[in-house]
Amino acid sequence: MAGKQKKALTYTLPEEFHVFGFSRDLLAWYDGQKRDLPWRINRDPYRIWVSEIMLQQTRVETVKPYYQNFMEKFPTVEALADAPEEEVLKAWEGLGYYSRARNLQSAAREVKTRYGGVVPDKPDEIATLKGIGPYTAGAILSIAYEKPEPAVDGNVMRVFSRLLLMTDDIAKPATRIKVEHLVRQVIPEGRAGDFNQALMELGALVCVPRTPQCLTCPVFDYCLARREGVQEELPVKGKAKPPRPVNLQVAVVRRGDRVLMNRRPEQGLLAGMWQFPMVETDADTPSVKQQTLLDGLSSRFGQDAEVLEPLMEVQHTFSHLHWNMEVWLCDWIDGGELPSDARFVTLEEISSLALPVAHQKIVEKLKSDR
DNA sequence: AAGCCGGGGTT
DNA sequence: AACCCAGGCTT
């Protein structure tokens with residue numbers, strides 16, 4: 001067990017970095033320039049929590065309307081814990097990364113039962129809640145409870161890369177650990193929440209990815225990258241793999257004024273969301289594509305249909321996938337009992353289901369055609 | 001360590 | 001078109 005050496009001691013700040021002046025100047029700037037955001041009206045841990053989950057990999061301006069709506073529908077931990085999962089998913093529709101919504105509700109139920117409805121303020125306890133990782137734990141603990149914990153997100157990684165002229169690959173988990181150690185040494189007494197938010201605010205407004213606005217930066221004097229003129233070369237980040245193409249045949253099966261929809265599995269991509277039935281195929285002729293689709297409808301749902309005409313093509317890109325969807329208008333012919341994860345619904349009923357954006361595009365087309 | 005998991009804004 | 005966003009979970 002002697003193989004692991006303690007690395008924390010190697011994460012020391014440069015001698016020329018003036019911690020006190022930096023914290024003072026950054027906080028002064030934050031006090032004057034911070035944005036007026038809906039989750040900053042108080043320090044209710046639940047409100048902070050919901051905001052931090054929504055803000056994971058999601059821009060502030062995107063989150064705002066979702067946050068307002070979500071807090072109206074689920075104003076407390078208990079309200080969220082007691083809500084039907086489908087309602088939570090619907091409130092999350094379009095926001096992406098839907099496991100965030102499921103984990104948030106699961107964790108709310110945990111907080112209600114295990115912690116009496118009070119979001120825990122201990123690092124060990126809050127870190128066990130679903131959907132709360134190192135960043136979110138630090139954010140809630142510092143912002144809501146003023147605990148001196150780091151909250152290192154993409155903004156903070158970028159700011160520290162430039163500030164301390166770090167050339168570590170910020171895509172690697174080890175780099176986040178390193179930055180957490182550094183931030184921990186810089187958090188000012190009694191202002192952990194504001195300090196963490198100030199670092200993120202700086203990254204969002206001034207120390208932006210492409211062309212940092214160094215001339216208006218409140219901590220210009222402390223920035224080692226700017227001193228060397230290499231601020232635009234940082235941070236270093238490994239390239240992501242391009243999305244993998246997936247070819248899909250999609251069926252809009254009409255039966256009177258209703259269409260066939262099915263619910264996706266509880267796990268995996270777009271878990272639990274509703275969609276038009278579709279099958280993956282690399283077939284390259286229209287007849288084979290159509291037959292593959294009709295065979296799928298028959299075997300998967302026990303419904304017989306015929307293809308009337310091609311309706312539209314939809315392309316949709318995810319982080320790791322690129323969907324090429326060919327949508328066919330079909331007429332229902334015959335069928336038996338549907339499985340429990342499939343239903344014929346009216347266009348009005350569709351609006352109460354949570355749909356991926358790719359399938360919302362099809363709904364819009366159907367509405368415009370009728 | 002690498003892959004999976006959405007959708008949209010910026011440059 | 002490429003990059004990135006107040007990341008976390010699974011393998």
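Chain naming here is simple, since letters A, B, ... match the order of the sequence lines and numbering starts at 1 in each. What's counted below: heavy atoms across the whole structure, side chains too, no hydrogens, waters or symmetry copies.
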Under 4.0 Å, heavy atoms only, any strand: does [X] hit a base, just the sugar-phosphate, or nothing?
| X | result |
| --- | --- |
| A:G203 | nothing |
| A:E61 | nothing |
| A:S319 | base |
| A:R264 | nothing |
| A:S51 | nothing |
| A:R35 | base |
| A:F318 | sugar-phosphate |
| A:L321 | nothing |
| A:I48 | nothing |
| A:W39 | base |

To the nearest Å, give me how far apart [atom1] ([X]) and [atom2] ([N]) are.
| X | N | atom1 | atom2 | result |
| --- | --- | --- | --- | --- |
| A:R176 | C:dG8 | CZ | P | 7 Å |
| A:H322 | C:dA2 | NE2 | C1' | 15 Å |
| A:E201 | C:dA6 | CD | P | 10 Å |
| A:R102 | B:dC5 | CZ | C1' | 12 Å |
| A:I53 | C:dC9 | CD1 | P | 9 Å |
| A:E266 | B:dC5 | CD | P | 15 Å |
| A:I177 | C:dG8 | CD1 | P | 11 Å |
| A:Q57 | C:dA6 | CD | C1' | 9 Å |

Next item on the list: Between A:A174 and A:A271, just flag the one whose closest nucleotide in DNA chain B comes earlier from the 5' side.
Entry: A:A174
Check: Can we call the ring centroids of A:F20 and A:H18 under 6.0 Å apart?
Finding: no
Item checked: Validation row, ring centre A:Y97 to ring centre A:W92 under 6.0 Å -> no
Checklist line | NZ or CZ of A:R24 within 45° of A:W29 ring axis and under 6.0 Å | finding: no
Using a strict cut-off of less than 4.0 Å between a Lys/Arg side-chain nitrogen and an Asp/Glu carboxylate oxygen, indicate whether [X] and [Y] qualify as a salt bridge.
| X | Y | answer |
| --- | --- | --- |
| A:D31 | A:R191 | yes |
| A:E149 | A:R184 | yes |
| A:D295 | A:R300 | no |

Notebook entry, point to check: Mind checking whether A:W332 and A:F344 have parallel, tilted or perpendicular rings, split at 30° and 60°?
Noted result: perpendicular
For the [atom1] atoms, the ones on [N] and on [M], what distance do you get once it is rounded to whole angstrom?
| N | M | atom1 | answer |
| --- | --- | --- | --- |
| C:dC3 | B:dG6 | P | 22 Å |
| C:dA6 | B:dG3 | P | 25 Å |
| B:dC5 | C:dC4 | C1' | 16 Å |

Item checked: Over 12 foreign heavy atoms within 6.0 Å of CD, A:Q267 -> no
When you measure from the side-chain N and O atoms of [X] to the phosphate of [N], is any distance below 4.0 Å, counting only OP1 and OP2?
| X | N | answer |
| --- | --- | --- |
| A:T136 | C:dA6 | no |
| A:R158 | C:dC5 | yes |
| A:Y97 | B:dC4 | no |
| A:K237 | C:dC3 | no |
| A:K239 | C:dC3 | yes |

Proximal nucleotide (of [options]) relative to the [X] side chain:
| X | options | answer |
| --- | --- | --- |
| A:P356 | C:dC4, B:dG7, C:dA6 | B:dG7 |
| A:M200 | C:dA6, B:dG6, C:dG8 | C:dA6 |
| A:H320 | C:dC4, B:dC4, B:dG6 | B:dC4 |

Check: Considering residues at least two apart in sequence or located in another chain, which fulfil the side-chain contact (heavy atoms from CB on, under 4.5 Å) criterion with A:T76?
Finding: A:E78, A:A79
Strictly under 3.5 Å: I want the nitrogen or oxygen pairs between protein and nucleotides 8-11 of chain B, one per line.
| unit_1 | atom_1 | unit_2 | atom_2 | d |
| --- | --- | --- | --- | --- |
| B:dG8 | N2 | A:R59 | NH1 | 2.4 |

